[in-house]
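Just so you know, these numbers use all the heavy atoms, side chains as well, and skip hydrogens, waters and symmetry mates.
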Amino acid sequence: MSRFFSSRLSSLTPYTPGEQPKDAQYIKLNTNESPFPPSPLAVAKASEAAKQLNLYPDPTCSQLCEVFASQKGIAKDEVIFGNGSDEILFYAFQAFCDENTPALFADITYGFYEVFAQLCQVPYEKIPLRDDFSIAPEDYFGQKKTIFLANPNAPTGMILQKSEIEKILQNNPENIVVVDEAYIDFGGESCCDLIARYDNLLVVQTFSKSRSMAGARLGMGMANRALIADLNTVKYSTNPYNINKMTMAAGIATMQDESYTQKNCQTIIENRAFTVAELNRLGFFVLPSKTNFVFAAHDKIDGATLYQKLKEKNILVRHFTNARIANFNRITIGTKEQMQALICAISQILEETT
Ligand SMILES: *Cc1c(COP(=O)(O)O)cnc(C)c1O
């Protein structure tokens, strides 16, 4: 830290992204990216858009909003796009949290919530998940805080039923509930259609996982128009041109090639079932997943050791040091071949170490 760094930020612990090694030798199952390339139509449209990089992009993302809204059955002014859904979450912390309205989230959830709370200097509180790592909805009733729920949750992969989310919304009429649906396309039911009925609901989604666009940075928030207007106030006070031309074109094309996304999601769901069955066969405890990753632990090998031994075999998974989940690894679901290689490597490691 330099002596010039703002004292406001001196105690901030930034988010630690998963490793992104430069050498391509690893089977990368550590950051929940899609193993499939983006839609060919998206690639073509992005490269076409690159010819106009001398011009600023449309700050209103008008065409993208139109295509997206019509597909989701919402109005054009009920959606806002961000440079990744992380940006939308950051807007939400700025727009809807303050000294009187702290943030509230689970003890085990997406790490960025705590980072954003610290960066925005708003108070926050964490509610422990149940012993089985599920969320107890009633813990969130009438808390008078801005609630951030990853649904399905990360890194557990577990989902809270839509009816339970609805109870949380009903029991917090004076507070915002942000439902982060980064993984909703892998078998969950979205709360998107609840935005017409609950004026305190903000649903956040991303193109990073199911739509194979992590490298393009595109995410969105959906809510009633008053909330979207608040988020736009933050956006236009920071970076009105937050979505670049290539990403915008790729996003529109991806929405127009929905069957490509659906086919890939279906493949991931099948590969997930294969992976869970194989991990169970090898003696792993695997949490029920509705995402493109599984969270797994074994009583014969601790989480950190397994992570390290897989890395030595050129397979990257994600290990978290948080005591409650230190025995687990989060494993992204890749292609069938990648998952077969993973299972093969884990079998060898178990034989060598147990
Ligand atoms: C991956 C992820 C995001 C962020 O995705 P972006 O790439 O910024 O769109 C947000 N929330 C959760 C829970 C995630 O896992």
Asker: Picking from Leu129, Ile127, Ile159, what satisfies side-chain contact (heavy atoms from CB on, under 4.5 Å) with Ile135?
Answerer: Leu129

Asker: Charged N to carboxylate O under 4.0 angstrom, Arg130 versus Asp139?
Answerer: no

Asker: For a 4.5 angstrom cut-off between non-hydrogen side-chain atoms, does Tyr91 reach Asn232?
Answerer: no

Asker: Check whether any side-chain heavy atom of Glu258 sits under 4.5 Å from a side-chain heavy atom of Gln71, and report yes or no.
Answerer: yes

Asker: Step by step, work out the salt bridge (Lys or Arg N to Asp or Glu O under 4.0 Å) result for Arg197 and Glu166.
Answerer: CA-CA 10 Å; Arg197 274 194 282 145; Glu166 241 186 301; 3.0 Å; yes

Asker: Could you tell me whether the side chain of Ile74 reaches within less than 4.5 Å of the side chain of Val79, counting heavy atoms only?
Answerer: yes

Asker: Side chains of Tyr198 and Gln170: do they bring a donor and an acceptor to under 3.5 Å?
Answerer: yes

Asker: Go through it in stages, so that I can follow the logic: the residues are Phe148 and Phe93, the test is ring pair (Phe, Tyr, Trp, His ring centres under 6.0 Å), and I'd like the CA-CA distance, side-chain angles, deciding distance and then a yes or no.
Answerer: CA-CA 9 Å; Phe148 290 82; Phe93 272 90; 4.0 Å; yes

Asker: Is there a donor-acceptor pair closer than 3.5 Å between any side-chain N or O of Thr254 and the backbone N or O of Ala250?
Answerer: yes

Asker: Run the salt-bridge test on Arg318 and Glu19 with the 4.0 Å N-O cut-off and return the result as yes or no.
Answerer: no

Asker: Please tabulate, one pair per line, all N/O donor-acceptor pairs under 3.5 Å involving side-chain atoms of residues 53-69, not counting sequence neighbours.
Answerer:
from	atom 1	to	atom 2	distance (Å)
Asp58	OD1	Thr60	N	2.9
Asp58	OD1	Thr60	OG1	2.7
Asp58	OD2	Thr60	OG1	3.1
Asp58	OD2	Cys61	N	3.4
Asp58	OD2	Ser62	N	2.8
Thr60	OG1	Ser62	N	3.4
Ser62	OG	Lys76	NZ	2.9
Glu66	OE2	Lys76	NZ	3.0

Asker: Can you hop from Val122 to Leu202 via hydrophobic side chains spaced under 4.5 Å?
Answerer: yes

Asker: Does any donor atom in the side chain of Thr31 or Lys28 lie under 3.5 Å from an acceptor atom in the other side chain?
Answerer: yes

Asker: Does any non-hydrogen side-chain atom of Glu78 lie less than 4.5 Å from one of Met222?
Answerer: no

Asker: Answer yes if Tyr124 and Ile168 sit in the same cluster of Ile, Leu, Val, Met, Phe, Trp and Tyr residues linked by side chain heavy atoms under 4.5 Å apart, and no otherwise.
Answerer: no

Asker: Under a 4.5 Å cut-off applied to non-hydrogen side-chain atoms, are Val115 and Gln118 in contact?
Answerer: no

Asker: Keeping to residues at least two apart or across chains, list the side-chain hydrogen bond (donor to acceptor under 3.5 Å, both in side chains) pairs with something in residues 35-50.
Answerer: Ser39-Asp257

Asker: Are the ring centres of Phe320 and Phe328 closer than 6.0 Å?
Answerer: no

Asker: Will you find, in the side chains of Lys235 and Asn242, an N or O donor that is under 3.5 Å from an N or O acceptor?
Answerer: yes

Asker: Strictly distance-based, threshold 3.5 Å: is any side-chain N or O of Asn329 a donor or acceptor partner for the main-chain N or O of Val317?
Answerer: no

Asker: Using only atom types and a distance under 3.5 Å, with no angle test, would you say the side chain of Glu181 pairs donor to acceptor with the backbone of Cys191?
Answerer: yes

Asker: Under 3.5 Å, side chain of Thr305 to main-chain N/O of Ile301, donor-acceptor pair present?
Answerer: no

Asker: Answer with yes or no whether the hydrophobic clustering places Tyr241 together with Tyr236; edges join I, L, V, M, F, W, Y residues whose side-chain heavy atoms lie under 4.5 Å apart.
Answerer: no

Asker: Does the cation-pi check pass for Lys209 over Phe186, that is, NZ or CZ under 6.0 Å from the six-membered ring centre and within 45° of its axis?
Answerer: no

Asker: Compare all side-chain heavy atoms of Gln338 with those of Pro35 and state whether any distance is below 4.5 angstrom.
Answerer: yes

Asker: Pick from Leu149, Leu89, Thr109: which one makes a side-chain contact (heavy atoms from CB on, under 4.5 Å) with Asp180?
Answerer: Leu89

Asker: Taking the six-membered ring for Trp and the single ring otherwise, decide whether the centroids of Tyr110 and Tyr113 are under 6.0 Å apart.
Answerer: yes

Asker: Between side-chain atoms of residues 343-351 and protein atoms elsewhere (two or more places apart, or another chain), which donor-acceptor pairs fall under 3.5 Å?
Answerer:
from	atom 1	to	atom 2	distance (Å)
Ser347	OG	Ile343	O	2.8
Gln348	OE1	Lys313	NZ	2.9

Asker: Heavy-atom distance under 4.5 Å between the side chains of Phe274 and Met339, does that happen here?
Answerer: yes

Asker: Would you say the ring centers of Phe293 and Tyr183 fall short of 6.0 Å from each other?
Answerer: yes

Asker: Can you find a side-chain donor-acceptor pair between Thr267 and Asn264 that sits under 3.5 Å?
Answerer: no

Asker: When hydrophobic residues are tied together by side-chain contacts of less than 4.5 Å, even through go-betweens, does Phe295 share a cluster with Phe284?
Answerer: no

